Amino acid sequence: MIHQIDTTDNIVAFRALAEVSKDDFLKVVVPSVEHLVKQINEINFLLVLDTDIENFTAGAWLEDALLGLKHLGKWNRAAIITDSDDIITFTNGFSFVVPGEFKGFKKVDFNKALNWVEGNIQIK
């Protein structure tokens, strides 16, 4: 399941818990991202992983990929917050293959990640 996290108007933020399904993406993530694109014409995205990546269903992965491709040129900043070093490394490498900046953060750095996605701080 995915819950939206209340934040500033220039980002969308979510927390993933337990199993994440196609329905979660279609009912929570997609409408929020679509609304943000209409409002500011870019995507600033934050996802807190409070579940194992294996708990994402195939349908969830497909919807995630389709959403990313649909708005490929709109991605500005995306932060994935997890304690998995593998996911952080993968996320950091994503910036080399798609437009936008992608960064992985440890859970203890939630505020830093949020400030970065909001555009309040620069991180190299």
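As the structure is a computational prediction, the values presented were derived from the model and not from experiment.
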At what distance, to the nearest 0.5 angstrom, does CZ of Phe45 lie from CZ of Phe102?
9.0 Å
With a sphere of 6.0 Å drawn around CG of Asp9, does it hold more than 12 non-hydrogen atoms of other residues, nucleotides or ligands?
no
Mind running side chain to side chain contact (heavy atoms under 4.5 Å, CB included) on Ile53 and Trp61 for me, showing each step along the way?
CA-CA 10 Å; Ile53 204 77; Trp61 283 117; 3.4 Å; yes
Within the 3.5 Å criterion, strictly below it, is a donor on His71 or Glu42 matched to an acceptor on the partner's side chain?
no
Under a single-linkage definition using a 4.5 Å side-chain heavy-atom cutoff for Ile, Leu, Val, Met, Phe, Trp and Tyr, are Val117 and Ile5 assigned to the same hydrophobic cluster?
yes
I would like to know whether Asn55 and Val20 meet side chain to side chain contact (heavy atoms under 4.5 Å, CB included); could you show each step before the answer?
CA-CA 6 Å; Asn55 289 331; Val20 178; 5.7 Å; no
Which pairs pass salt bridge (charged side-chain N to carboxylate O under 4.0 Å, His left out) with one or both residues in residues 86-97, sequence neighbours excluded?
none
Pair Asp24, Ser21: side-chain N/O donor-acceptor within cut-off below 3.5 Å
yes
Stepwise, does the side chain to side chain contact (heavy atoms under 4.5 Å, CB included) test hold for Asp23 with Phe25?
CA-CA 5 Å; Asp23 253 13; Phe25 268 84; over 6 Å; no
Any side-chain to backbone donor/acceptor pair from Asn44 onto Asn10? Under 3.5 Å, distance only.
yes
Output yes when a side-chain donor or acceptor of Thr51 lies under 3.5 Å from a complementary backbone atom of Ala18, and no otherwise.
yes
Lys106 and Ile81 have their tightest heavy-atom pair at O-CG2, 3.8 Å
Between Val29 and Leu72, is there a shared hydrophobic cluster once you connect ILVMFWY residues whose side-chain heavy atoms come closer than 4.5 Å?
yes
Shortest non-hydrogen separation from Ala13 to Thr7 and the atoms involved
CB-CG2, 3.6 Å
So, Lys74 and Asn41: side-chain donor and acceptor under 3.5 Å apart, yes or no?
yes
Ile123 and Lys112: which non-hydrogen atoms are nearest, and at how many Å?
CD1-CE, 3.7 Å
Relative to the ring of Trp116, is the ring of Phe105 parallel (under 30°), tilted (30 to 60°) or perpendicular (over 60°)?
tilted
Show the nearest heavy-atom pair for residues Gln4 and Val28, with the distance to one decimal.
N-CG1, 4.2 Å
Minimal heavy-atom distance between Asp83 and Lys107, with the atoms involved, is OD1-N, 3.2 Å
Are Glu118 and Arg77 close enough for a salt bridge, meaning some N to O gap below 4.0 Å?
no
